[in-house]
Amino acid sequence: MKSRIHYTKPSITELEVSYATDAARNGWGERCYECIAKFEQLFRDHLDVKYAIATSSCTGAMHMGLAALDIGSGDEVILGDTNWIASAAPITYVGAKPVLVDVLPDTWCVDPAKVEAAITPNTKAIIAVHLYGNLCDMDALLAIGERHGIPVIEDAAEAVGSEWKGKRAGSIGAFGTFSFHGTKTLTTGEGGMFVTQDKRLYEKVLTLSNHGRAAGQTKQFWPDMTGFKYKMSNMQAAIGCAQMERIDELIAAKRRIFKYYEDGLNGLPLVMNPELSGTRNGYWMPTILVHEGVRFDREALLETFNSEEIDGRVFFWPLSMLPMFADQPEHHISYGLYKRAVNLPSYHDLTENEMLRVIACVRSQF
Ligand SMILES: *Cc1c(COP(=O)(O)O)cnc(C)c1O
């Protein structure tokens with residue numbers, strides 16, 4: 001019997017178990033925020049940012065961040081068409097409109113020229129999603145943001161371990177958001193983080209995150225505005241603290257796995273996640289993209305994977321193909337990428353033998 005190779009899996013050691021156990025036993029009453037505060041501090045230090053707020057998800061962190069920027073009905077927010085729905089959905093929660101633009105052929109991230117062309121008087125933000133750990137062109141996006149007076153937000157859910165010119169992904173824009181869902185490089189089961197260097201924005205999100213109760217408000221049960229409830233629990237944060245102690249190891253594992261695939265697939269008519277000069281890729285999800293014009297059937301590869309007890313995943317569909325958006329087939333890059341691309345399994349304790357099985361399946365397609 002071949003072992004099942006999962007698409008992804010968290011790395012949970014005795015450290016996570018002991019911290020979670022301790023939080024379950026003792027993390028109540030006066031100590032009910034202890035692990036949350038510690039996790040936020042460890043994450044701030046890792047990212048080198050001033051402020052961080054742990055949340056129940058990345059989606060919630062994004063929702064609060066957009067609300068704190070006063071984005072609402074009639075406003076537009078620009079993001080790449082190739083994306084996961086979680087980056088676009090919060091835009092609709094605040095009543096604004098996601099404006100989808102095409103992506104770049106090499107990084108699969110939003111095309112800055114297309115962003116600038118899509119700006120209207122209603123544009124209130126640009127969301128830079130670092131897809132699969134690949135970096136958006138932050139210099140170009142920040143320059144566009146500055147020219148038009150529009151904040152650039154980073155969705156760094158997939159970009160733990162990724163860096164742009166020495167700065168960690170998520171620490172560069174007006175604010176950054178992270179996900180600690182079970183499939184992500186660092187996990188708390190479910191969870192997220194809002195980070196920023198902007199004190200005013202931090203204080204606003206802090207108030208919003210506490211059901212609108214301002215930090216200085218002394219009256220009990222007295223919200224000053226309608227806020228949100230997207231908090232992380234102390235037990236989740238305990239797991240997060242353990243993961244933060246192991247963050248370098250977790251990132252190194254992602255990079256080791258990527259390199260192994262890259263070497264093993266050498267010579268095939270495909271590319272994998274780029275690591276452009278000046279960037280470092282956290283390689284959350286190793287992805288193959290077959291050259292245009294080469295015969296390749298992604299369904300056939302996924303079926304081969306399945307028969308060999310391997311989980312593969314399809315590349316993100318263009319969001320504009322989904323039923324709730326209008327088709328935008330003029331986005332030639334987004335509409336060309338997904339058919340030629342597949343995500344490969346990647347998790348901490350994936351063995352060499354298992355990676356060789358994945359490589360053999362991919363090789364069998366050419
Ligand atoms: C996983 C993911 C999210 C959503 O994270 P949740 O914590 O599940 O809300 C958002 N954006 C991107 C790019 C993601 O990959």
Side-chain angles (χ1 to χ4, degrees), residues 7-10 39-40 43 52-67 77-94 98 100-101 103-104 107-110 125-136 138 141 152-162 164 168-170 172-173 175-195 205 209 228-233 236-237 239-240 243 250 254 273 281-287 313-319 322 334 337-338 341 343 346-347:
Y7 154 63
T8 154
K9 202 165 62 175
F39 182 40
E40 288 172 343
F43 204 76
I53 300 172
T55 59
S56 54
S57 70
C58 180
T59 306
M62 182 63 76
H63 187 180
M64 291 195 291
L66 294 174
V77 177
I78 302 173
L79 74 164
D81 199 352
T82 296
N83 257 316
W84 174 230
I85 189 67
S87 304
I91 301 169
T92 69
Y93 301 167
V94 296
L100 305 170
V101 300
V103 298
L104 292 168
T107 62
W108 322 326
C109 292
V110 70
I126 299 160
I127 301 182
V129 185
H130 304 297
L131 211 74
Y132 299 128
N134 305 352
L135 278 302
C136 291
M138 290 307 291
L141 292 173
V152 178
I153 296 162
E154 291 178 274
D155 180 341
E158 303 177 3
V160 162
S162 294
W164 173 264
R168 293 211 182 265
I172 306 160
F175 69 80
T177 60
F178 289 86
S179 172
F180 309 128
H181 180 256
T183 56
K184 300 286 160 51
T185 299
L186 186 160
T187 191
T188 57
E190 292 279 3
M193 193 75 82
F194 170 92
V195 302
V205 171
S209 75
F228 299 94
K229 185 65 193 297
Y230 288 133
K231 291 193 178 197
M232 175 178 281
S233 77
Q236 289 170 300
I239 295 176
Q243 295 262 289
L250 296 174
K254 286 289 185 185
N273 312 49
N281 199 321
Y283 293 128
W284 170 59
M285 188 68 42
T287 299
R313 282 291 189 278
V314 299
F315 193 84
F316 292 130
W317 307 89
L319 292 177
L322 303 178
S334 298
L337 285 174
Y338 75 94
N343 305 140
S346 175
Y347 48 86

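Order of listing sets the numbers, starting from 1, for every ligand and every atom in it. This is a predicted model, so every value here is computed, not measured.
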Indicate the ring-plane relationship of W108 and Y132, choosing parallel, tilted or perpendicular according to the 30° and 60° boundaries.
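If you compare the ring of W108 with that of Y132, the planes turn out perpendicular.
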Short N or O distance, [X] and ligand 1, threshold 3.5 Å exclusive:
| X | result |
| --- | --- |
| C58 | yes |
| H181 | no |
| E190 | no |
| W84 | no |
| T59 | yes |

From [X] [atom1] over to [Y] [atom2], what is the distance, rounded to the nearest 0.5 angstrom?
| X | Y | atom1 | atom2 | value |
| --- | --- | --- | --- | --- |
| N273 | K254 | CG | NZ | 10.5 Å |
| F315 | S334 | CZ | OG | 8.5 Å |
| T59 | Y93 | OG1 | OH | 5.5 Å |
| T188 | I239 | OG1 | CD1 | 7.0 Å |

Nearest-neighbour protein heavy atom for atom 13 (C) of ligand 1, which is reported as residue plus atom name and distance
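The closest one turns out to be E158 OE2, 3.3 Å.
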Looking only at protein heavy atoms, identify the closest one to atom 2 (C) of ligand 1 and say how far it is in Å.
K184 NZ, 2.7 Å
Measure D155 to ligand 1 on non-hydrogen atoms and call it side chain, backbone, both or neither using the 4.0 Å cut-off.
side chain
Does even one non-hydrogen atom of [X] get within less than 4.0 Å of ligand 1?
| X | result |
| --- | --- |
| M62 | no |
| G192 | no |
| G60 | no |

Using ring centroids (six-membered ring only for Trp), state whether F194 and Y230 fall under 6.0 Å.
no
Validation row, ring centre F39 to ring centre F180 under 6.0 Å:
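Yes: the rings meet the under 6.0 Å criterion.
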What are the two closest heavy atoms between G65 and V205, and how far apart are they?
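For G65 and V205, the tightest heavy-atom pair comes out as CA-CG2, 4.3 Å.
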With heavy atoms of [X] as the reference, note each atom of ligand 1 found under 4.0 Å away.
| X | value |
| --- | --- |
| G191 | 7 (O) |
| A157 | 2 (C), 3 (C), 10 (C), 11 (N), 12 (C), 13 (C), 14 (C), 15 (O) |
| V129 | 13 (C) |

Go through Q243 and L250 one step at a time and tell me if the side-chain contact (heavy atoms from CB on, under 4.5 Å) criterion holds.
CA-CA 8 Å; Q243 295 262 289; L250 296 174; 3.8 Å; yes
Nearest-option assignment for atom 8 (O) of ligand 1, heavy atoms, candidates S179, A86, A61:
S179
In sequence, state the C-alpha distance, the side-chain angles, and the governing distance for W84 and L131, and then conclude on side-chain contact (heavy atoms from CB on, under 4.5 Å).
CA-CA 9 Å; W84 174 230; L131 211 74; over 6 Å; no
